[in-house]
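Structure first, commentary second.
Everything quoted here is computed from the prediction, not taken from an experiment.
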Amino acid sequence: MNLRDRRGKRQVELHNSALNDILFILLLFFLIVSTLANPNVIKLTLPKAKSNTKAKQTVVVSINDKREFYIGTNRIPFESLKQMLVPAIARENVDPTIVINAERSVPVEDIVKVMEVAREIGAKVVLATANPNRKE
């Protein structure tokens, strides 16, 4: 004998298939956009190396084939490199690192100049290289 009245209870169903589709499309959108967003927009042909060194990129100094210096994407003359690097490095309190992206044809003297400036301000230096397995 069933004493409970089932007429007063209603089952509520929520159809969320449309919500799932929207979330999936948003996820794909953000995945595609995040892979396209690259802070190093200056196109350089890097020298190749067998080892793969990764560093936390606090400051990126790029040198193109015309021997123009960039901090991030901002072109600066070499004379003001130190003045521009000091505030950028001061924001980092643990292991400030400067990553040097230099075109393959850039003379070594230019890279050494940037390394000397980094040593003067107390930052570590990493020279970026291209993956030797990647075809150009």
Side-chain angles (χ1 to χ4, degrees):
M1 188 158 132
N2 192 1
L3 297 176
R4 295 185 187 153
D5 183 19
R6 294 208 179 245
R7 286 179 275 158
K9 293 184 181 179
R10 293 186 180 174
Q11 293 262 341
V12 177
E13 292 184 24
L14 179 64
H15 297 284
N16 58 359
S17 60
L19 180 62
N20 288 343
D21 293 341
I22 292 170
L23 289 175
F24 181 70
I25 290 170
L26 285 174
L27 177 69
L28 284 177
F29 172 75
F30 286 117
L31 283 174
I32 291 170
V33 168
S34 67
T35 58
L36 295 177
N38 187 0
N40 301 328
V41 294
I42 301 169
K43 296 293 182 187
L44 300 173
T45 305
L46 299 175
K48 295 191 184 323
K50 294 187 184 203
S51 64
N52 188 6
T53 304
K54 297 213 184 250
K56 184 175 73 171
Q57 294 188 3
T58 56
V59 178
V60 178
V61 176
S62 301
I63 309 170
N64 66 8
D65 56 346
K66 298 173 189 157
R67 297 175 78 175
E68 297 171 336
F69 292 84
Y70 293 86
I71 293 180
T73 57
N74 300 325
R75 183 174 163 216
I76 59 159
F78 177 76
E79 295 77 29
S80 64
L81 182 68
K82 186 174 181 179
Q83 292 86 13
M84 298 295 285
L85 285 176
V86 169
I89 294 298
R91 287 184 240 137
E92 288 297 321
N93 52 3
V94 178
D95 290 337
T97 305
I98 296 174
V99 178
I100 301 174
N101 287 330
E103 185 79 30
R104 188 181 306 168
S105 62
V106 170
V108 176
E109 292 84 19
D110 290 345
I111 298 170
V112 171
K113 287 181 193 176
V114 175
M115 293 172 90
E116 288 174 353
V117 169
R119 183 184 46 82
E120 289 174 7
I121 62 175
K124 292 182 180 180
V125 177
V126 175
L127 180 61
T129 59
N131 186 353
N133 298 327
R134 192 182 97 197
K135 296 184 180 178
E136 294 180 14

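Annotation: side chain to side chain contact (heavy atoms under 4.5 Å, CB included) contacts of L19 (sequence neighbours excluded): N16, L23. In terms of the side chain to side chain donor-acceptor pair (under 3.5 Å) criterion, K113 has no residue partners (sequence neighbours excluded). A search for side chain to side chain contact (heavy atoms under 4.5 Å, CB included) contacts involving P77 returns E79, S80, not counting sequence neighbours. Residues satisfying the side chain to side chain contact (heavy atoms under 4.5 Å, CB included) criterion with V112, sequence neighbours excluded, are V108, E116. Annotation: side chain to side chain contact (heavy atoms under 4.5 Å, CB included) contacts of K124 (sequence neighbours excluded): D95, T97. The salt bridge (charged side-chain N to carboxylate O under 4.0 Å, His left out) check on R67 picks up D110, with sequence neighbours excluded.
Residues L85 and V61 meet the side-chain proximity criterion, which asks for heavy atoms closer than 4.5 Å. For the pair D21/F24, no side-chain contact is recorded, criterion being any heavy-atom separation below 4.5 Å from C-beta on.
Between F29 and the choices V33, L27, I32, L31, the side-chain contact (heavy atoms from CB on, under 4.5 Å) rule is met once, by V33.
Separating the CD atom in E103 from the OG atom in S62 is a distance of 10.0 Å, to the nearest 0.5 Å. The CD1 atom of I71 sits 10.5 Å away from atom OG1 of T73, with the distance rounded to the nearest 0.5 Å. The OH atom of Y70 sits 11.5 Å away from atom CD1 of I63, with the distance rounded to the nearest 0.5 Å. The CD1 atom of I98 sits 12.5 Å away from atom CG of L127, with the distance rounded to the nearest 0.5 Å.
The two residues P96 and G122 make their nearest non-hydrogen contact at CG-O, 3.9 Å.
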How far apart are the C-alpha atoms of F78 and V117, what are their side-chain angles, what is the distance that settles it, and do they pass the side-chain contact (heavy atoms from CB on, under 4.5 Å) test? CA-CA 10 Å; F78 177 76; V117 169; 4.2 Å; yes
